[in-house]
Amino acid sequence: MPQPKLDIAVDDEYELFLARRRRDIVARLCAAASRAGRDASEVGMLAVSKTVEPEAVLRAWRAGWRAFAENRPQELTRKLAFVDAEALPEMAGARFDAIGNLQKNKINQVIGKVGLLHSVSSADLAAAVSSRCEARGIVQDCLLEVNVSGEESKSGFSPDEARAAAESLAALPAIRVRGLMTMAPRGDADAARRAFSGLRELARELEGRTGLELPVLSCGMSDDFEVAVEEGSTLVRLGRIVFDPAYALS
Ligand SMILES: *Cc1c(COP(=O)(O)O)cnc(C)c1O
């Protein structure tokens, strides 16, 4: 097997931090799952690498992280270029997801490169993504971003818009809607819990009304992933808690 062509200095201290932190996160995730009578293996974890350098992604890989997420297409491209150039074959099989607002003129930078596109936030964007994918002969797995909490600052389908659009989104030829994604209000655990349970209930409702299968619930971030797991999350998106030594576990 070819050796990875790496000349990145080993940073023992940071890799050790990443590995210890990951172990603590997994322990908390397992405890939250068991409080809810769930199997922790139902919950996937994404390391949100948007604020760190590509080298930190490699270190996180070595610490056990296998799936990453980026919110800006340009940064996604930079990380993928690094993985291709520097870290393969060590990071073969690494998955990157796209989270965060996607402008139509950036769609081509993302489709076909990500495992899941989490941020399909309108019927218009869904149609545009599908037509770009169709032109390339690919099918992209997507999530519908839903603004469950109704905060004005947040993008996404309102629950009613999602209800109205679900059938026609399911019929788009080149996207496959795999589930729903939401962001909870910050700093309010009760409001977060309502947003996560609302997301779960909406997914089950949409499944009942349409032929869609929506197994993926992308919700929960550093501050609220345990609540999200208790409320049915199947994919948590963790940034600061993974990478930032200054982020204190509460
Ligand atoms: C940045 C970001 C995250 C991770 O946030 P943390 O609070 O750092 O865990 C998750 N989801 C989205 C959409 C983000 O933009």
Side-chain angles (χ1 to χ4, degrees), residues 14 17-18 21-22 24-29 32 43-54 56-57 59-60 63-79 95-103 106-107 109-110 114-122 125 129 141-157 178-189 191-193 195-196 198-199 216-250:
Y14 191 52
F17 159 76
L18 289 170
R21 189 46 80 80
R22 187 172 188 283
D24 291 346
I25 292 168
V26 168
R28 280 160 186 253
L29 191 148
V43 188
M45 303 192 299
L46 296 173
V48 178
S49 47
K50 64 189 181 188
T51 61
V52 300
E53 288 300 309
V57 174
R59 297 208 160 94
W65 294 95
R66 291 294 173 263
F68 302 88
E70 289 287 336
N71 67 337
R72 288 171 40 228
Q74 197 182 351
E75 190 61 20
L76 172 72
T77 303
R78 189 166 84 102
K79 299 285 176 27
R95 158 178 157 189
F96 280 82
D97 281 7
I99 57 177
N101 272 343
L102 181 62
Q103 289 165 357
K106 304 277 172 67
I107 289 171
Q109 295 178 38
V110 168
V114 292
L116 262 181
L117 172 55
H118 291 234
S119 45
V120 174
S121 53
S122 68
L125 182 62
V129 171
D141 284 346
C142 294
L143 303 178
L144 304 182
E145 180 170 356
V146 184
N147 183 0
V148 181
S149 63
E151 288 173 286
E152 295 233 347
S153 60
K154 289 201 157 64
S155 54
F157 290 87
R178 301 286 298 142
L180 306 180
M181 177 271 207
T182 202
M183 313 246 291
R186 276 186 179 259
D188 180 341
R193 189 179 292 284
F196 301 143
L199 190 74
V216 181
L217 296 174
S218 166
C219 59
M221 312 190 346
S222 293
D223 290 339
D224 55 25
F225 75 96
E226 293 160 275
V227 176
V229 168
E230 288 173 10
E231 294 300 333
S233 173
T234 69
L235 192 53
V236 293
R237 309 181 307 266
L238 306 174
R240 292 165 298 150
I241 197 171
V242 172
F243 289 105
D244 184 359
Y247 184 93
L249 291 182
S250 51

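Read the numbers this way: they start at 1 and go in the same order the structure lists the ligands and their atoms. Source: prediction; values computed, not measured.
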- Query: Are K79 and F96 close enough, and set up right, to give a side-chain contact (heavy atoms from CB on, under 4.5 Å), and what steps lead you there?
  - Reply: CA-CA 9 Å; K79 299 285 176 27; F96 280 82; 3.9 Å; yes

Quick one: side chains of residues 180-188, donor-acceptor pairs under 3.5 Å with protein atoms, not counting sequence neighbours, listed by atom name and distance.
residue	atom	partner	partner atom	Å
T182	OG1	V146	O	2.6
D188	OD1	D190	N	3.2
D188	OD1	A191	N	3.0

Please tabulate, line by line, the atom pairs linking an N/O of ligand 1 to a protein N/O at a distance below 3.5 Å, with the distance in Å to 0.1, or answer 'none'.
residue	atom	partner	partner atom	Å
ligand 1	7 (O)	R240	NE	3.2
ligand 1	7 (O)	R240	NH2	2.8
ligand 1	8 (O)	R240	N	2.8
ligand 1	8 (O)	R240	NE	3.1
ligand 1	9 (O)	S222	N	2.9
ligand 1	9 (O)	S222	OG	2.5
ligand 1	9 (O)	G239	N	2.8
ligand 1	11 (N)	R237	NE	2.9
ligand 1	15 (O)	K50	NZ	2.8

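Here the side chain of R237 pairs a donor or acceptor atom with the backbone of S218 at under 3.5 angstrom.
For the 3.5 Å distance criterion, the side chains of E151 and S149 qualify, holding a donor opposite an acceptor.
Ionic pairing of E70 and K50 is not present here: no N-O contact between side-chain nitrogen and carboxylate oxygen is shorter than 4.0 angstrom. Under 4.0 Å is where a charged nitrogen must lie from a carboxylate oxygen, and between R193 and E230 at least one such pair does.
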